[in-house]
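Just so we're on the same page: letters track the sequence lines, and every chain starts at 1. As the structure is a prediction and not an experimental result, all values here were calculated from the model.
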Amino acid sequence: MRINIETAELQAFIAVARQSSFRAAAEGLFITAPALSRRIENLERALQERLFDRTTRRVSLTPAGELFLVHAQAVMEELELAVKSVEQGMAHRREHVTVACVPSVANNLLPLVLKPYARTHANVRVRIIDESAADVLESVRKGEADFGVNFIGAQEAEIDFEELTRERYLAVMPSHHPLAAQSTLHWKSLAGEKLVSVSSSSGNRSLIDNAFSRVPQRPVIQYETNHVAGAISLVAAGLGVALLPELAIRNAPYKGIVARPVTSPVLSRAMGLITLKGRVLKPAAATLAQALREAMASKPRK
DNA sequence: GTTATATGGCAATATTCGGC
DNA sequence: GCCGAATATTGCCATATAAC
């Protein structure tokens, strides 16, 4: 037997059964009495049973109607529960955004961007992959991250690189260091200094080594760390001078150190948004990317 | 774009029942 | 028994939607 009963017909049936009146039930359902009458007629035709004994003065359930009312109410209650459960399920569903970025961005820029983002996107769970430039590139390439913020990737065929800002490298030293008296430094003035450097596997290190290759007298790399934070700690302890990207120390709460621009030549790196070529960002990720664009744009481009 | 079907509203009709 | 009010039902039409 094929069941062909509409929920509107069940609602009409339940309303008439409760009100014992077609007219009152029709008013409650915001339809006219003839429309309601036809719904009941359709239902009775589908069931091949008369559900109400009615005259123009009295409406009462038949035995078949009483039996059907129990099941009709149960069906409507179950349907309401199903709708509520889907609505609540959708409301609680969380979105995920994964952003890969170098530590200087993760430590100094992301917190500033995520604070307002969290207010408007409370339902979005943000995962941050803060790794070396090479690992950030790999995370985006493998699709592990929705997008990345990195200073390498512009040359990769399968990566879209959108430059957001260009940041200089600064010489970071204790505030009592003799070079701290100068407003800008030449690369050659660093000759003979004990250098605190990030490890040779770092993208920063490649750029710095390349800059020193043009200087006749190179400084000695005395200390090597894996992370910028470690390098800054060694500088603060008076163990040497570090060359670090501007963003890495811009908001760092270190006391007793100063940063001076290095010129001749000015060494800088392009920091950009990297995505897998052709990939369309989901809305939550696109909004976060836009917030990063605006945050980067608010800094003076050097 | 056309046709078929479903739905609902308006107006008219049929029916019931209380009051006289 | 007649009348009038109340209400369910029916006929017709307009509109929306689906199928082709």
Side-chain angles (χ1 to χ4, degrees), chain A residues 1-99 116-127 140 142-147 158 160 273 275-291 293-294:
Chain A
M1 176 188 172
R2 187 178 167 189
I3 300 171
N4 188 18
I5 294 172
E6 308 259 336
T7 53
E9 291 164 1
L10 289 182
Q11 284 176 322
F13 168 68
I14 293 168
V16 173
R18 284 179 180 162
Q19 306 262 32
S20 297
S21 161
F22 277 62
R23 184 192 55 78
E27 278 180 15
L29 293 170
F30 302 104
I31 59 173
T32 58
L36 177 67
S37 178
R38 286 194 175 96
R39 286 187 189 179
I40 299 300
E41 184 189 343
N42 289 340
L43 188 55
E44 289 177 330
R45 193 184 304 122
L47 292 168
Q48 296 181 312
E49 283 287 346
R50 194 153 177 86
L51 297 170
F52 294 106
D53 281 326
R54 66 262 205 188
T55 69
T56 56
R57 298 286 172 177
R58 263 192 304 274
V59 175
S60 59
L61 285 164
T62 62
E66 285 179 5
L67 185 63
F68 188 64
L69 178 62
V70 176
H71 297 290
Q73 286 175 325
V75 165
M76 292 309 293
E77 282 168 15
E78 191 63 33
L79 187 59
E80 280 174 26
L81 272 177
V83 170
K84 273 185 190 165
S85 114
V86 169
E87 285 174 350
Q88 287 169 359
M90 292 302 285
H92 290 144
R93 193 179 70 171
R94 298 184 73 93
E95 282 189 84
H96 295 257
V97 174
T98 301
V99 51
Y117 182 81
R119 280 198 289 271
T120 54
H121 294 74
N123 227 28
V124 178
R125 181 173 294 169
V126 180
R127 180 179 167 226
V140 173
K142 286 194 293 192
E144 193 181 351
D146 292 291
F147 65 88
E158 70 271 51
D160 278 328
L273 197 78
T275 50
L276 211 51
K277 198 171 274 297
R279 178 169 188 166
V280 177
L281 292 180
K282 53 197 177 194
T287 308
L288 182 57
Q290 182 57 28
R293 278 189 197 97
E294 288 166 8

Asks: Answer with yes or no whether the side chains of A/Arg39 and A/Asn42 bring together a donor and an acceptor at under 3.5 Å.
Replies: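 No, A/Arg39 and A/Asn42 have no side-chain donor paired with an acceptor closer than 3.5 Å.
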Asks: Please list, by residue number, the residues of residues 10-22 of chain A whose heavy atoms come closer than 4.0 Å to an atom of DNA chain C; answer none if no residue qualifies.
Replies: A/Ser21, A/Phe22
Asks: Find every protein N or O atom lying less than 3.5 Å from an N or O atom of nucleotides 14-16 of chain B, and list the pairs.
Replies:
residue: B/dT15; atom: O2; partner: A/Thr56; partner atom: OG1; Å: 2.9
residue: B/dT16; atom: O4'; partner: A/Thr56; partner atom: OG1; Å: 2.7
residue: B/dT16; atom: O2; partner: A/Thr56; partner atom: OG1; Å: 3.3
residue: B/dT16; atom: O2; partner: A/Arg57; partner atom: NE; Å: 3.0
residue: B/dT16; atom: O2; partner: A/Arg57; partner atom: NH2; Å: 3.3

Asks: Can you tell me how far P of B/dC10 sits from CG of A/Leu36, to the nearest Å?
Replies: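 My rounded result for the distance is 15 Å.
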Asks: Set out, in order, the CA-CA distance, both residues' side-chain angles and the distance that settles side-chain contact (heavy atoms from CB on, under 4.5 Å) for A/Asp53 and A/Arg58, then state yes or no.
Replies: CA-CA 8 Å; A/Asp53 281 326; A/Arg58 263 192 304 274; over 6 Å; no
Asks: Check for a donor-acceptor pair, side chain of A/Ser37 on one end and backbone N or O of A/Ala33 on the other, with a separation under 3.5 Å.
Replies: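 No, the answer is negative, given that no donor and acceptor are paired below the 3.5 Å cut-off.
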Asks: Which distance, rounded to the nearest 0.5 Å, do you find between the CD of A/Gln11 and the CG of A/Leu29?
Replies: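 Rounded to the nearest 0.5 Å, the CD-CG separation comes to 6.5 Å.
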Asks: Find the distance between CZ (A/Arg293) and CG (A/Leu288) and round it off to the nearest 0.5 Å.
Replies: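 So the gap between those two atoms works out to 10.0 Å.
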Asks: Tell me every residue that passes ring pair (Phe, Tyr, Trp, His ring centres under 6.0 Å) with A/Phe13, counting only those two or more places apart in sequence or in another chain.
Replies: A/Phe52, A/Phe68
Asks: Roughly how many Å is it from CD in A/Glu27 to P in C/dA8, rounded to a whole number?
Replies: 10 Å
Asks: In plain terms, say whether A/Glu44 and A/Arg50 are close enough for a salt bridge, that is, a side-chain N and a carboxylate O under 4.0 Å apart.
Replies: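 Yes, charged N to carboxylate O under 4.0 Å.
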Asks: What N/O pairs connect the protein and nucleotides 5-8 of chain B at under 3.5 Å? Give each pair on its own line.
Replies:
residue: B/dG8; atom: OP1; partner: A/Arg39; partner atom: NH2; Å: 2.6
residue: B/dG8; atom: OP2; partner: A/Arg39; partner atom: NE; Å: 3.3

Asks: Please round to the nearest 0.5 Å and tell me the distance separating atom CZ of A/Arg125 and atom NE2 of A/His96.
Replies: 5.0 Å
Asks: Can you list the residues that meet the salt bridge (Lys or Arg N to Asp or Glu O under 4.0 Å) rule with A/Glu9, with sequence neighbours excluded?
Replies: none
Asks: Output all residues satisfying side chain to side chain donor-acceptor pair (under 3.5 Å) with A/Glu6, sequence neighbours left out; order by chain, then residue number.
Replies: none
